[in-house]
Every structure is written in C-alpha cells, then in structure tokens.
Protein chains: 2
Amino acid sequence: MTPREKAPTSRRERPAKPALSREGIVATAVAVMRAEGLEKVTMRRLAQELDTGPASLYVYVANTAELHAAVLDELLGEVDLDAASDDDWRDRLVEVLTSYTEVLFAHPALARMALSVRPHGEHYLRLVERLLALLADGGVPPERAGWGVDVLLLVATANAAEHGTREQTGDPQAEWDALVHAVQEAPAATYPYVHALAASLQGGTPRERLAWCFHVVISGITHTPIPGTDS
Amino acid sequence: MTPREKAPTSRRERPAKPALSREGIVATAVAVMRAEGLEKVTMRRLAQELDTGPASLYVYVANTAELHAAVLDELLGEVDLDAASDDDWRDRLVEVLTSYTEVLFAHPALARMALSVRPHGEHYLRLVERLLALLADGGVPPERAGWGVDVLLLVATANAAEHGTREQTGDPQAEWDALVHAVQEAPAATYPYVHALAASLQGGTPRERLAWCFHVVISGITHTPIPGTDS
DNA sequence: ACCTGAACACCGTTCAAGT
DNA sequence: ACCTGAACACCGTTCAAGT
C-alpha cells in the first residue's frame, strides 16, 4: 500500500530511493503489468524500476512465480462479487464468474499462470466463498459444491487464457484463421462431422459462448451426484 | 518421419550431418521434450542437437510457438480414440477425453500452451471428429455439439495444465499444502463456507474428480440448449 | 539483516554475409 | 534457396562481499 513512500530527506536531492518492501515490489509489479503486460514483469525489470539490482528482490520474493501469484491475487480484488440481479441463483453465479473472467481477460498470461500455480490469496478465498454461498443457495450439497467451484473456476480461467485479448503469443486472428481454414479444408470423407460443422464454427458471440459454457457446468453440477458420497 | 536419415556419404567420416528439414526438427523437438521436458525445447538447444546455429531453424519454423504447436499435434497422435466399452455414449466420451488428458498429463507445459495457441493439426482434427461423432450418437444437436466439444476439450486441457505431474513450476506439493493451509486457517466468521469445506477439500482421487468433471459437462450439454438456435 | 555487483548459464530473433 | 556467425537485447538465480 506504500508503493513510493518518500523517505524523509534532509538534503534536497533527487527523490530519495524508497526502502524496499514486499508491498512495494508487488505494487510496482502490478503497475508494470497494467502498463506493459505480465511478460515485462521480470525480476530484472522490476529491479531497474526500483533502482536496485535484481538480487535485492530475492530478500522479499522467493522467485518469479511467487511474484506473479501475488500480482494475480491483487488483480482478483477487482472481481465484482455482488451480482446485481436477484433472479435465479444460477444467473447470479454466472454474473460473478463473468466478472472474474473479464478481469483475467485483459491478462491471459496471468490466467495461464493461475492454472499452474494454485492461487490461495485473500481475494481468491473471498471469491471461492462467494461461489460456495451461491451454490448453497441453489441447494447444491456441500461436497458437490466444493468440487463444483473447482470446475467453474477452471472453466472460467481456461476461457480467459484461451480468448484473452492482450499479450497474445502470436497473431490471434491468424491462428483462428488457420483453424477455420483447417476445418474448412477437412475432407468430408475423413472428417464428416468436422466438415459439416465448418459453417457453424463461428456461431455466436464469445460472450454468448461463455455464458452458455457456465450454464452447462452449473446445470451439470445440479444433475451429477458425486459417486457414493452425496444424494 | 525421417529424423536422422543419413546422407549418402562416400568418405568414411563421422555420421554425416543430416540435411535440415521441418520433420527432422519436429522429431528432434519431440525427443528432447520426452527426455527433458518442453522447457528444454528451445531454438538454441535444438540447433545444438542438430549441429547447427539457431538461425538455421528459422528457415523451417516461424518461431518457438509454432514449433511447440507442432510438437503438441505430434503428441496428440497417441490419444486413444477407440473407446473400449460399447456402453453408453457418455462413458465412451469420457474414455476418449480421459485418454486425451492422460497424454497431456505428462506435459502440463504443453497443455498450457494448447490454451493459447489454438491447435489445428491433423491429430487434433481427428480427435475433434471423434468427439463430434460421439455427441451425435447421443442425439446432441449439431451446433450444440460444436460448442460442446470446445467446452469438453477446454476442461480436459485445463485439467492437464493444472494437475499435470511433470515440469512443475515450483513444488506442487508445497503449493497444494499452502492452499490447504489457507483454507484451514480461513476464519469461520469471514469465510463460513470455505471453513466448512476445509475438511472435504481433499475428497476423492484426482481420477474420480476428473471423471465427475467430464460427466458434469456432458450432462450439462444435454440439458442446455443454445439460446435461440436449437431446440 | 539487508543489500549489492558481478557472474553463470541461459533465452528468441535478426541480419549481413556467405555458399 | 539455404545456411551461418555474430550480434542485440534480453532472462532467472546465486554467491561472495560489503554495510
């Protein structure tokens, strides 16, 4: 919370170098990510930003992965947990999940990371708590809700990783075109279903597909008992 | 298919440097990945392996991402498309998806990549074709099947990325412990649901959870029409 | 205890020059 | 056309030495 707190300087010099701290490092990391993407959030770059050498950061941060995880939890603070509609619990669930996805959408690299490094920060816990509450509202048995939250967050995170709009590895349009091309060129003899589907491949907006995806999982959760355990 | 084809050497020298080719490069990449993981599949390392300079590879491969995509499609050739059971179409679907997940399980880094670079190789098309056929068997309307395959593969890929056993970024056990710890420490006042769930968090084997996950999505697909489009 | 310079061991990609 | 050496612009992490 004190990213650039000025040390009390007696002599008039250039803005005194603020003392290093975990908070300061994470805050700088978030700033760099917002400005230039997660790819630029490197130990060396951050050290440069904080006017020190990369080795100094290792006093406060174990490694790059841990730093990125801290950045992720910071970002999760932006997820809107208060669904506006007081309609069906399903719709409220979709609202919260959509907010989560949108937050990650701007940083697909972060979403990809969230799939390897299990988040466990404060903001993440808050989100899980909210999702569990909504599933409980819907009468989903507790253990099934636990597994269900896992699947819902997995789907949301993967969607963000896949369709996110920033920091693309290559040209996303070109890649999509390549897929469409591959599908359209698929010989009807070998790939009858793929061939037949070519036309409807681009059907629906990304937003429609995302909402459908969430409804599929929610519906599935209500219909699929955990084997042996719950009713 | 001709990874180390020997050029016809007249003089007896050390094994003549094979001519470079896309196939040779990809084959070498697959070999390096199997031996040491995707992390080691770098342009420089491959060049070294092929006894040349990194710049030479760019004649055959656009960049590292494209190379990794080629490796992925190669690996997808190992997915078992012929479900053994002739039971319910759902079970056969789960079998194929489980095979896909298992193939990626050994290479989570590849799974993560599959979420950013849309695959469109031959083996990938074959897999999609098979999944579409199984959904058609189940009477799922074509367009919904198209969207459904996307979700099923997304879930399978994300599972592999998340729970994969190799090339872990950090210590996976330590991370899982950190999550369990965070959940158990979660104050009951602020996080009642998370707190209540702490006990059952580790419930079920990964395999059970994966199968449940697939059944949830399949069930959801059969119950959730695409808005406005299909019946 | 905290901070640092310097080093080690790597990356991807480009480009002018060669064959 | 294909191949290459050399360079440019970066990485993460460690470690001995300083304050």
Side-chain angles (χ1 to χ4, degrees), chain A residues 2 4-5 7 16-26 28-29 32-33 35-71 109-110 112-113 116-117 167-171 174-175, chain B residues 2 4-5 7 9 16-26 28-29 32-33 35-72 109-110 112-113 116-117 167-171 174-175:
Chain A
T2 59
R4 291 202 172 251
E5 185 184 3
K17 206 168 107 178
L20 283 178
S21 72
R22 193 173 212 276
E23 281 89 24
I25 293 169
V26 173
T28 308
V32 169
M33 186 197 59
E36 303 175 51
L38 189 69
E39 277 69 34
K40 299 297 169 88
V41 180
T42 68
M43 292 303 216
R44 292 184 108 104
R45 173 63 195 278
L46 249 38
Q48 188 188 304
E49 210 78 25
L50 293 163
D51 200 14
T52 182
S56 307
L57 305 182
Y58 285 84
V59 177
Y60 304 98
V61 164
N63 50 46
T64 308
E66 204 208 83
L67 177 65
H68 285 179
V71 168
L110 215 46
R112 249 165 278 142
M113 193 220 62
S116 19
V117 183
E167 306 159 25
Q168 294 291 352
T169 314
D171 182 348
E175 268 161 31
Chain B
T2 59
R4 291 200 172 251
E5 185 183 4
T9 40
K17 205 169 105 179
L20 283 178
S21 71
R22 194 174 211 276
E23 281 90 25
I25 294 170
V26 172
T28 309
V32 169
M33 186 197 60
E36 303 175 51
L38 188 69
E39 276 69 35
K40 298 297 168 87
V41 180
T42 68
M43 293 303 217
R44 292 184 108 105
R45 173 64 193 277
L46 250 37
Q48 188 187 305
E49 209 80 23
L50 292 163
D51 201 14
T52 181
S56 307
L57 305 182
Y58 285 83
V59 177
Y60 304 97
V61 165
N63 50 45
T64 309
E66 203 208 83
L67 177 66
H68 286 179
V71 168
L72 172 64
L110 215 46
R112 248 164 279 142
M113 194 219 63
S116 21
V117 183
E167 306 160 24
Q168 294 292 351
T169 315
D171 183 346
E175 269 160 31

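Being a predicted model, the structure only gives us computed values, none of them experimental. So you know, we letter chains A, B, ... as the sequences are listed, proteins then strands, and number each from 1.
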Margin query: Has B/H68 got a side-chain atom pairing as donor or acceptor with B/A109's backbone, closer than 3.5 angstrom?
Written below: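 No; judged by distance alone, with no hydrogens or angles, the pair does not exist.
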
If I take atom [atom1] in residue [X] and atom [atom2] in nucleotide [N], what distance separates them, rounded to the nearest angstrom?
| X | N | atom1 | atom2 | result |
| --- | --- | --- | --- | --- |
| B/K40 | D/dC11 | NZ | P | 21 Å |
| B/I25 | D/dC3 | CD1 | C1' | 12 Å |
| B/L57 | D/dC2 | CG | C1' | 13 Å |
| A/L50 | C/dC2 | CG | C1' | 15 Å |
| A/Q48 | C/dT4 | CD | P | 15 Å |

Distance-only donor-acceptor pairs under 3.5 Å for side chains of residues 53-62 of chain A, two or more places apart:
residue, atom, partner, partner atom, Å
A/S56, OG, A/T52, OG1, 2.9
A/S56, OG, A/G53, O, 3.4
A/Y60, OH, A/L20, O, 3.4

Margin query: Would you say B/T52 places a side-chain N or O within less than 4.0 Å of OP1 or OP2 belonging to D/dC3?
Written below: no

Can you check nucleotides 12-19 of chain C for protein contacts, nitrogen or oxygen pairs under 3.5 Å, and list what you find?
residue, atom, partner, partner atom, Å
C/dG12, OP1, B/M43, N, 3.2
C/dG12, OP2, B/M43, N, 3.2
C/dG12, OP2, B/R44, N, 3.3
C/dG12, N7, B/R44, NH1, 2.6
C/dG12, O6, B/R44, NH1, 2.5
C/dT13, OP2, B/Y58, OH, 2.9
C/dT13, OP2, B/T64, N, 3.2
C/dT13, OP2, B/T64, OG1, 3.1
C/dT13, O5', B/Y58, OH, 3.3

Note to self: Can you list everything that forms a salt bridge (Lys or Arg N to Asp or Glu O under 4.0 Å) with B/R44? Sequence neighbours excluded, please.
What the structure shows: none

Notebook entry, point to check: Residues in side chain to side chain donor-acceptor pair (under 3.5 Å) with B/E66, at least two apart?
Noted result: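 For B/E66 the side chain to side chain donor-acceptor pair (under 3.5 Å) partners, ignoring immediate neighbours, are B/R22.
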
Checklist line | side chain to side chain contact (heavy atoms under 4.5 Å, CB included) partners of A/A69, counting only residues at least two apart | finding: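 With sequence neighbours excluded, A/A69 shows a side chain to side chain contact (heavy atoms under 4.5 Å, CB included) to A/V117, given in chain and number order.
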
Next item on the list: With the side chain counted from C-beta on, respond yes when A/M33 and A/L110 share a heavy-atom pair under 4.5 Å apart, and no when they do not.
Entry: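 Yes. Closest side-chain heavy atoms under 4.5 Å.
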
Margin query: For DNA chain D, please output the secondary structure as dot-bracket, reading 5' to 3'. Pairs are Watson-Crick or G-U wobble, both atom distances under 3.5 Å; mark crossing pairs with [ ], other-strand partners with |, unpaired with a dot.
Written below: ||.|||||...|||||.||

Checklist line | Distance (rounded to the nearest 0.5 Å) between A/T42 OG1 and A/E49 CD | finding: 10.0 Å

Notebook entry, point to check: How long is the gap from CZ on B/R45 to NZ on B/K40, to the nearest 0.5 Å?
Noted result: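 So the CZ of B/R45 and the NZ of B/K40 are separated by 7.0 Å.
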
Item checked: P-based separation of C/dC10 from D/dA9 [nearest Å] ->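 Each nucleotide's P atom is 23 Å from the other's.
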
